[in-house]
Number of protein chains: 2
Amino acid sequence: MAQARVSTREVVLAAVGLFSDHGFERTTMDGIAAATGVSRRSLFRRFGSKEDILFAEHDELFATVVGYLDASPDDPLAAVRSAARMVFQGYVRDPEITLPRYHLVRAHPRLRDREVAMTARYQSAFSHYLTERAGAAFSLASGVVAASVIAAHNHVLRSWLREPGEDQETVWARFDEAMSYVSTAARPLLEPEGGSEPDRVLVAVYPSGAGNDEVLRRIGAALDPGGP
Amino acid sequence: MAQARVSTREVVLAAVGLFSDHGFERTTMDGIAAATGVSRRSLFRRFGSKEDILFAEHDELFATVVGYLDASPDDPLAAVRSAARMVFQGYVRDPEITLPRYHLVRAHPRLRDREVAMTARYQSAFSHYLTERAGAAFSLASGVVAASVIAAHNHVLRSWLREPGEDQETVWARFDEAMSYVSTAARPLLEPEGGSEPDRVLVAVYPSGAGNDEVLRRIGAALDPGGP
DNA sequence: CCCAACTCTGGCATTCAGTGCCAGGATAGA
DNA sequence: TCTATCCTGGCACTGAATGCCAGAGTTGGG
């Protein structure tokens, strides 16, 4: 009768089902224990808290992502971009958990805070990684870049969570587009070309139809307002 | 014997003292009730939860900031920048609460999550405000800009929390510098100059010593890699 | 094969956050 | 003054979370 150990995933799926059916608050640990065959005491031991059951799978992903970053020595920004892609995939490939969790999170401020804290952990990890690679002088830039990448990630993620039935290719295209958008704007912040100290940043926005000459002309005019 | 109602601030200060002295977990609501003269039941009614006592003052600030944003029709980015300044001032002007809270937050993951959730609320408010003003087409940009402003704010805030004794002018100078840094880079994302649709963004970083000609030359080279 | 050390599990008891209910006192308005 | 309303505090209860202990299963060494 060697009852095989009930897997983490099985418990999470059962709990998510109960939460979705009867609400998070109204679901008790005793209920989850009864539904899974795992004792209440063991649930607390293995997951820590009722909330933690909802995010248990996510924690594994976080560990994976951090491990990936640690092993990525080149092109920190590209590594962070890939890491964000891993996170996004973590959601998309497991809708059975992430979709009901999304609806639960929307309904319960407490769970929302928890979700926010998760993404903040990624942001912090990204920021520290970038600072580590780019140097302490870039800690502000690293923080801003990490925040931007996370914001772009969340932007696309939310659209998928609201419309999960959409074509996978479309979703991924949107993700990559958002990542390109933010990482293009971010790269210069982390890699000033010269080694000289306090560089200046120039940002120009111009119509996509404009030729290089026109772009140069406008920038020249902006740099030298008093000129001819 | 009309016992005057104990103010929110008095309760918060007493609770912060207890938390700091005996730890957050070990401080019970009964203890806070005994220390303040407010009944345990009324504490829950007025603050909602033990955690909420720590962040009660902060909630008022949040309401103020959101009200400020709603009443700021012009130059959304400048308004957000001012809002961030208000938040920063909310911390700096009340070290009696924010400093011990910082140390508590560092020690207890749960409280840290709560703090993170607070700043996420600001970020969300900023993002929505920017999207509202700039148009739905800029929702991604709004999210990125809001995240960047918050990141810069938090960057300076953390340095103050670690070194609260520093000269006020220095602190504020650092704050304004960080805000200039991020808002300079962010403004073009929200305000493409022409009305034409999908503009392109150019970001260049160059040594502060470089003359305008040198800057133009480099940009020209970057725009036309195959050129002479 | 056997015993010992270790690990994992479940049951039990306890603490304490959080909530619903109700009664008493203060206050404002007619 | 009488009444409706609000705020407070006491009481009882649910349920999350933790410590303690005992039993079952597993591993490793002799």
Side-chain angles (χ1 to χ4, degrees), chain A residues 1-12 14-56 59-60 101 104-105 107-115 117, chain B residues 1-12 14-56 59-60 101 104-105 107-115 117:
Chain A
M1 248 320 177
Q3 187 84 328
R5 174 193 168 98
V6 180
S7 73
T8 294
R9 185 174 181 81
E10 287 175 289
V11 175
V12 172
V16 165
L18 291 176
F19 292 155
S20 298
D21 290 348
H22 312 115
F24 179 78
E25 324 267 4
R26 302 188 46 155
T27 304
T28 69
M29 288 298 267
D30 280 318
I32 302 172
T36 58
V38 180
S39 79
R40 177 189 146 87
R41 190 64 186 86
S42 290
L43 287 177
F44 276 110
R45 213 189 317 268
R46 286 171 58 179
F47 295 93
S49 75
K50 194 166 79 169
E51 279 182 26
D52 286 338
I53 298 179
L54 251 187
F55 299 93
D59 282 343
E60 299 170 18
R101 187 174 67 197
L104 289 165
V105 160
H108 299 274
R110 253 194 192 132
L111 298 180
R112 178 192 289 267
D113 288 358
R114 192 63 162 58
E115 169 89 0
Chain B
M1 246 320 175
Q3 187 84 327
R5 175 192 165 98
V6 180
S7 73
T8 295
R9 186 176 179 80
E10 287 174 289
V11 175
V12 172
V16 165
L18 291 176
F19 293 155
S20 298
D21 291 347
H22 312 114
F24 179 78
E25 324 266 5
R26 301 188 46 144
T27 303
T28 70
M29 288 299 266
D30 280 317
I32 301 172
T36 58
V38 180
S39 78
R40 174 190 141 88
R41 191 63 186 85
S42 290
L43 288 178
F44 276 111
R45 213 190 316 271
R46 287 171 57 181
F47 296 94
S49 75
K50 195 166 79 168
E51 279 183 26
D52 286 338
I53 298 179
L54 251 187
F55 299 93
D59 282 343
E60 301 172 17
R101 187 174 66 197
L104 288 166
V105 160
H108 299 273
R110 254 187 202 146
L111 298 179
R112 178 191 291 264
D113 289 358
R114 191 63 162 60
E115 169 89 359

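Protein chains get the first letters and strands the later ones, always in sequence-line order, with residue 1 at the start of each. Hydrogens, waters and symmetry mates play no part in the numbers below; they use all other heavy atoms, side chains included.
If you check distances only, the side chain of A:R5 never reaches the base of D:dG25 with a donor-acceptor pair under 3.5 Å.
Looking only at side-chain heavy atoms (C-beta outward), A:L111 and A:E51 come within less than 4.5 Å of each other. By the 4.5 Å heavy-atom criterion applied to side chains, A:R114 and B:D113 are counted as neighbours. The side-chain heavy atoms of B:F55 and B:V105, taken from C-beta on, include a pair separated by under 4.5 Å. B:F19 has its side chain out of reach of B:R101: every pair of non-hydrogen atoms, C-beta onward, lies at least 4.5 Å apart. When side chains are defined from C-beta on, A:I53 counts as touching A:M29, because their heavy atoms get closer than 4.5 Å.
A close approach under 4.0 Å does not occur between any side-chain nitrogen or oxygen of B:T28 and OP1 or OP2 of C:dC16. Listed pair B:S42 / D:dT8 fails the phosphate criterion, with no side-chain N or O lying under 4.0 Å from OP1 or OP2. Neither OP1 nor OP2 of C:dA17 sits under 4.0 Å from any side-chain N or O of B:S49. Contact annotation: A:R40 reaches the phosphate of D:dA16 (side-chain N/O to OP1 or OP2, under 4.0 Å).
Comparing B:R110 and B:V38 against DNA chain D, the residue whose closest nucleotide sits nearer the 5' end is B:V38.
Rounded to whole angstrom, the span from the CZ atom of A:R41 across to the P atom of D:dC20 amounts to 11 Å. We find that CZ of B:R45 is positioned 10 Å from C1' of D:dC6, with the value rounded to whole Å. Atom CG in B:L54 sits about 13 Å away from atom P in C:dA17, given to the nearest Å. Atom CD1 of A:I32 and atom P of D:dG15 are 13 Å apart (whole Å). As a whole-Å value, the separation of A:L43 CG from C:dT9 P is 10 Å. The distance between atom CZ of A:R26 and atom P of C:dT19, rounded to the nearest whole Å, is 15 Å. Between A:R46 atom CZ and D:dT18 atom P there is a gap of 17 Å when expressed in whole angstrom units. As a whole-Å value, the separation of A:D52 CG from D:dA17 C1' is 12 Å.
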Starting from the C-alpha separation in whole Å, work towards a yes-or-no answer on side chain to side chain contact (heavy atoms under 4.5 Å, CB included) for A:E60 and A:R9.
CA-CA 11 Å; A:E60 299 170 18; A:R9 185 174 181 81; over 6 Å; no
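Looking at every heavy atom in both residues, A:V6 comes nearest to A:R46 through O-NH2, 2.7 Å.
The stretch residues 15-24 of chain B does not touch DNA chain D, since none of its heavy atoms comes less than 4.0 Å from the strand.
Side-chain proximity of A:S39 to C:dG18, D:dG9, C:dG11: nearest is C:dG11.
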